[in-house]
Amino acid sequence: MAEQEPGTGLDAAFFTRWLTACAAAVEREAAHLTDLDAAIGDADHGSNLQRGFRAVADTLAKDEPATPGAVLTLAGRQLISTVGGASGPLYGTLLRRTGKALGDAPAVGRAALAEALGQGVAAVAQLGGAKAGDKTMLDALEPAVAGLGQSYADAARAAADAAEATTPLQARKGRASYLGERSIGHQDPGATSAALLIGVLAETAEAGQ
Amino acid sequence: MSAGGQVGIVLVSHSAAVASGVAELAKGLAGGGATAPVAAAGGTPDGGLGTSSELITAAAAEVDGGAGVALLVDLGSAVLTVKTLLADGDELPEGARLVDAPFVEGAVAAVVTASAGGDLDAVAAAASEAYGYHKE
């Protein structure tokens, strides 16, 4: 796809393919995410995201929004209304703010997506009040945005590495923070699911090229 | 806004039993006659533990009399979901506000104040002040 044309490349169909592939990846990884959450949370991260992304895939198949911004905004809304846990408003805000930042453009390039995703991640940080190193999804999302400035593969690698690097951290936000030092030694489920979604973004981009 | 009606109160908890129990407690402690409208938005629509944006928006619509709606929440996704709905702009009634307050004590203070005719600022202030009631 048109990496040589920075203004174009990723259209509504691309974002629909990405989020539909996310739904499949979440189905595949749901048990793993829930296991991670059972160690330091309330053991519902996988099943919550499964419910949310199933609803996203169903809605996108029915509605077929016309622009990248509309796809992401609609998907964000679905997550907010169907997930039932904190990951709903957090990922919902991520997608909605990213979609809003993309505006009405019929297609966008990687640099524009990185810029918009950065705004989405900033909105997540503001909503949840977390910062880097608190052992949350932000630990994977912030490096992903930085990596996306270089390439899709860099974004995926940065997010995956950052998710693994949450293991020795002590949780400072969310349900896991109640565990204090006992949260150390477990990989954060939110950072893990964030890395999963960014990994699928890279796979979708590669498949389209 | 402020069409002379009472401020509505929405109680959002991960648990349906907690939300409806606190609603009952707050109305009971508000005393005697009719109280301000109170609605519970607890748990998920299928009866599980969690937060439902649909139950929250339905509860807010139910208690909205034009004088504003104070939303009190327990923790985690309840806080984040209400903040997200407020940021979205169109799903909650005009004059809906997340109140920073302890859930049980804040709910009692809010319902008492709203029932006495306090406006949204007064209801929010009374609920937040409940943080100052130390038990030891």
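To find a chain, count down the sequence lines: A is the first, B the second, and so on, and within it residues start at 1.
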- A/T93 versus chain B, heavy atoms under 4.5 Å apart: side chain, backbone, both or neither? side chain
Give every donor-acceptor pair under 3.5 Å between a side-chain atom in residues 121-136 of chain B and any protein atom, sequence neighbours left out.
residue, atom, partner, partner atom, Å
B/D121, OD1, B/R97, NH1, 3.1
B/D121, OD1, B/R97, NH2, 2.8
B/S128, OG, B/D100, O, 2.7
B/S128, OG, B/A124, O, 3.2
B/Y131, OH, B/D100, OD1, 3.1
B/K135, NZ, B/E105, OE2, 2.3

- Task: Among A/T16, A/V71, A/L74, find the residue that satisfies the side chain to side chain contact (heavy atoms under 4.5 Å, CB included) test when tested with A/D63.
- Result: A/L74
- Message: For B/S52, which atoms come within 4.5 Å of any heavy atom of chain A: side chain, backbone, both, or neither?
- Response: neither
- Query: To the nearest 0.5 Å, how far apart are OG1 in A/T59 and CZ in A/R54?
  - Reply: 13.5 Å
- Message: With a 4.5 angstrom heavy-atom cut-off, is it the side chain or the backbone of B/I56 that approaches chain A, or both, or neither?
- Response: neither
- Take atom CG of A/D104 as the centre, draw a 6.0 Å sphere, and report whether it contains more than 12 heavy atoms from other residues, nucleotides or ligands. no
- Using the side chain to side chain donor-acceptor pair (under 3.5 Å) rule, pick out the option among A/H45, A/H32, A/E29 that qualifies with A/S193. A/H45
- chain A: which of B/T44, B/L75, B/T57, B/L80 shares the most heavy-atom pairs with it under 4.5 Å? B/L80
- Task: Could you look at A/R97 and say if it's the side chain, the backbone, both or neither that has a heavy atom under 4.5 Å from chain B?
- Result: side chain
